[in-house]
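One structure below.
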Amino acid sequence: MKEQWIREGFSSYYVVDKGQKLTYEKNILRCHTLRCLLPCEFRMQDGKEYYYYETGIYTTLRERINMLDPKLFFAYLIESFEETESYLLNLDHLKLELELLFLDKEDHPVLCYLPEYEKNILEQLRNFLEECIGIISTQDKRKVRFYYEFHSFLVKEKPNIEQMKSYLEIRPKEKVGEKQSKKENMLEITEKEQNRELEINEDHEKNYNYESKEKIVRKRLWKTFYGVICAGGFSTMIYCIIQIFKYGFYYLFLAGLLCSISVMCLGVYGFYKLWKNDQNNIRNVDSYDEAQEHTTSLDDQTTLLADDEKTVLLLEQPIGRLIPKNDELTEIVINDNGFIIGSCMEGTDYQIEGTGISRRHLRFYKEGKNICCEDLNSTNGVKINGRKISKCVLHEGDRIKIGLEEFLFKEE
């Protein structure tokens with residue numbers, strides 16, 4: 001099998017001899033629309049037919065490998081394997097080499113599928129990892145460790161695709177055909193909202209305790225500082241007064257007396273501000289405790305009704321819901337106050353842990369009558385109906401992809 005690289009105009013091609021026999025794979029290759037495979041066309045030259053794989057429209061992996069999150073990249077690579085298999089194509093015909101692996105504009109891998117080539121895909125993946133280890137930067141120890149650990153996993157376990165997905169923490173897709181009654185859905189939503197409220201309260205208490213410790217240290221430092229100022233001002237004032245009684249109203253002693261009084265007043269004012277802040281904090285805590293006691297008393301007075309008689313109290317009118325395709329995730333209720341989703345607990349309204357999800361990933365908000373979605377400069381971006389966006393208006397049924405998770409948007 002002869003191969004060569006040629007350049008035509010602004011594009012480049014990887015050219016390989018083509019066997020004469022036309023097969024199902026070659027027919028698929030000639031007219032496929034798979035984003036994970038290089039575009040291919042058949043050309044005749046000197047009475048012989050060739051595969052022409054267009055590569056110039058993509059970025060080479062070698063150029064971008066040190067900028068990629070390796071775990072996310074290999075998760076996308078496994079997705080590409082599954083997509084290839086869905087067209088009944090043999091994974092062993094993929095040519096998984098560093099020079100033949102490219103990236104599209106969204107950093108998804110684009111592979112070369114060659115029917116004339118056959119080599120075990122797991123063995124190719126191990127060799128490919130060894131090639132990557134040879135060129136990656138050693139500055140990021142976390143990435144280097146991942147490459148070595150993943151290679152060791154492939155060598156020791158000899159996993160299948162499902163085991164690799166489990167290793168990379170790719171959650172399974174949603175099972176089709178599982179439906180619940182309206183009453184069961186309402187009960188589930190109620191339980192989820194209650195759990196969500198408990199989580200928020202726990203997070204609030206943790207954050208409150210954490211901030212109070214910081215404030216205590218800060219207050220001690222300020223008290224020490226103001227104490228030193230007051231002591232220095234007071235001692236200087238006494239010294240100047242004694243000198244005035246001894247030698248009279250000499251201008252240096254008068255200036256020192258005025259400066260020492262000013263410094264002492266500054267220290268006293270600082271102590272006053274600290275005391276004022278303490279009083280405000282005490283009032284806030286008392287108000288919170290009163291609110292909790294009031295809530296408890298209301299709960300005690302609540303009468304449990306039958307299922308048919310129950311009324312749901314909406315504290316905040318939702319503007320939409322995100323229905324996950326992954327059955328391990330729960331439905332997300334979006335409120336109209338700038339709803340933020342991310343992987344971090346601080347500064348977000350809902351947390352999703354998963355590959356490719358930034359600490360603060362995206363925000364939902366209302367603009368007039370429209371419901372909008374905005375990407376918060378996340379690393380891997382937000383896709384609406386397969387297209388990467390920075391900000392857009394949402395419509396009923398839009399597919400929203402965050403990292404590897406996909407949701408269906410539903411308006412309220």
Side-chain angles (χ1 to χ4, degrees), residues 14 34-38 53 55 57-86 91 94-113 119 121-155 157 159-173 326 342-343 352-359 361 375 377-383 386-388 401-406:
Y14 172 64
L34 289 167
R35 64 176 292 180
C36 64
L37 299 183
L38 287 171
Y53 295 92
T55 62
I57 58 177
Y58 301 107
T59 306
T60 61
L61 176 64
R62 185 184 289 273
E63 293 177 16
R64 296 271 301 159
I65 191 166
N66 289 314
M67 305 176 198
L68 299 175
D69 179 352
K71 191 171 185 180
L72 181 61
F73 169 76
F74 281 99
Y76 286 148
L77 187 61
I78 298 302
E79 279 190 353
S80 300
F81 290 168
E82 291 186 310
E83 190 176 5
T84 304
E85 275 193 321
S86 69
L91 293 182
L94 289 171
K95 201 166 184 184
L96 197 62
E97 297 176 359
L98 188 61
E99 299 300 328
L100 277 173
L101 210 152
F102 301 86
L103 301 171
D104 62 15
K105 293 180 180 179
E106 298 170 358
D107 286 339
H108 284 259
V110 184
L111 310 168
C112 176
Y113 187 87
K119 188 175 180 180
I121 191 63
L122 182 60
E123 183 183 345
Q124 289 194 71
L125 190 56
R126 289 198 299 266
N127 295 337
F128 172 69
L129 270 168
E130 291 170 5
E131 285 187 278
C132 292
I133 290 171
I135 65 167
I136 58 173
S137 170
T138 57
Q139 292 181 353
D140 192 331
K141 304 299 182 186
R142 182 184 63 84
K143 290 183 180 180
V144 174
R145 184 167 57 251
F146 171 82
Y147 279 105
Y148 278 98
E149 289 177 352
F150 190 38
H151 181 268
S152 176
F153 169 73
L154 295 178
V155 172
E157 303 296 332
N160 56 30
I161 287 182
E162 291 302 320
Q163 290 169 329
M164 283 191 277
K165 286 170 64 177
S166 176
Y167 180 86
L168 295 170
E169 299 176 356
I170 305 174
R171 296 189 178 96
K173 302 293 183 183
N326 179 1
S343 61
I352 305 176
E353 293 183 359
T355 304
I357 300 175
S358 298
R359 296 167 64 85
H361 202 103
D375 180 18
N377 295 321
S378 59
T379 303
N380 297 292
V382 178
K383 292 182 185 175
R387 187 169 57 89
K388 209 167 187 179
K401 191 165 186 181
I402 312 169
L404 296 179
E405 305 297 347
E406 191 168 330

Margin query: Is any side-chain heavy atom of L404 closer than 4.5 Å to one of N326?
Written below: no

Notebook entry, point to check: Shortest non-hydrogen contact from G342 to I357?
Noted result: C-CG2, 4.1 Å

Next item on the list: Can you measure from CZ (F81) to CE (M164) and round to the nearest 0.5 angstrom?
Entry: 6.5 Å

Notebook entry, point to check: For K119, what residues pass the side chain to side chain contact (heavy atoms under 4.5 Å, CB included) criterion, not counting sequence neighbours?
Noted result: Y117, E123, Q124, N127

Notebook entry, point to check: Roughly how far, to the nearest 0.5 Å, is the CD atom of E353 from the OG atom of S343?
Noted result: 7.5 Å

Next item on the list: Could you give me the CA-CA distance, side-chain angles and deciding distance for L77 and L125, then say whether side chain to side chain contact (heavy atoms under 4.5 Å, CB included) is met?
Entry: CA-CA 10 Å; L77 187 61; L125 190 56; 3.9 Å; yes

Item checked: Heavy-atom closest pair, residues E131 and L98 -> OE1-N, 3.4 Å

Check: For residues 59-69, which residue pairs qualify under side-chain hydrogen bond (donor to acceptor under 3.5 Å, both in side chains), counting only residues two or more places apart or in two chains?
Finding: T60-E63, R62-E99, R64-D107

Note to self: Any side-chain to backbone donor/acceptor pair from S378 onto S358? Under 3.5 Å, distance only.
What the structure shows: no

Notebook entry, point to check: Does any non-hydrogen side-chain atom of L61 lie less than 4.5 Å from one of L68?
Noted result: yes

Notebook entry, point to check: Does a side-chain heavy-atom distance below 4.5 Å link L154 with P159?
Noted result: yes

Check: Is any side-chain heavy atom of K388 less than 4.5 Å from a side-chain heavy atom of V382?
Finding: no

Check: Given side chains that start at C-beta, do those of L38 and F102 come closer than 4.5 Å, heavy atoms only?
Finding: yes

Checklist line | E406/K383 salt bridge by N-O under 4.0 Å criterion | finding: no

Next item on the list: With side chain to side chain contact (heavy atoms under 4.5 Å, CB included) as the test, would you mind laying out the steps for I136 and K143 before giving the verdict?
Entry: CA-CA 9 Å; I136 58 173; K143 290 183 180 180; 5.8 Å; no

Checklist line | Value rounded to 0.5 Å, distance of CD1 in I135 from CD in E130 | finding: 13.5 Å

Next item on the list: To the nearest 0.5 Å, tell me how far E79 CD sits from L168 CG.
Entry: 10.5 Å

Next item on the list: Verify the neighbour count for atom CZ of R35: are there more than 12 heavy atoms of other residues, nucleotides or ligands below 6.0 Å?
Entry: yes

Next item on the list: Quick one: closest heavy-atom pair of F153 and Q163, and the distance?
Entry: CZ-O, 3.9 Å

Checklist line | Side chains of L37 and Y53 in contact at under 4.5 Å (non-hydrogen atoms) | finding: no

Check: If you measure from NE2 on H108 to CG on L103, what distance do you get to the nearest 0.5 Å?
Finding: 10.0 Å

Margin query: What I want to find out is whether K401 reaches E106 closely enough, with some N-O distance under 4.0 Å, to be called a salt bridge.
Written below: no

Next item on the list: Go through I65 and C132 one step at a time and tell me if the side chain to side chain contact (heavy atoms under 4.5 Å, CB included) criterion holds.
Entry: CA-CA 8 Å; I65 191 166; C132 292; 3.7 Å; yes

Margin query: Y147 vs F74, test: side chain to side chain contact (heavy atoms under 4.5 Å, CB included). Steps then yes/no.
Written below: CA-CA 10 Å; Y147 279 105; F74 281 99; 3.7 Å; yes

Notebook entry, point to check: More than 12 foreign heavy atoms under 6.0 Å from CZ of R359: is that the case here?
Noted result: no

Checklist line | Euclidean distance, L96 CG relative to L91 CG, rounded to 0.5 Å | finding: 10.0 Å

Notebook entry, point to check: Does G356 offer a backbone N or O that forms a donor-acceptor pair with the side chain of N380 under 3.5 Å?
Noted result: yes

Next item on the list: May I ask you to decide if the ring planes of F73 and F128 are parallel, tilted or perpendicular, using 30° and 60° as cut-offs?
Entry: tilted

Next item on the list: Kindly indicate whether the side chain of L111, heavy atoms from C-beta on, has any atom under 4.5 Å from the side chain of S80.
Entry: yes

Notebook entry, point to check: Does S152 reach the main-chain N or O of E149 with its side chain, forming a donor-acceptor pair under 3.5 Å?
Noted result: no

Margin query: Less than 4.5 Å apart, side chain to side chain, heavy atoms only: is that true for K95 and Y14?
Written below: yes

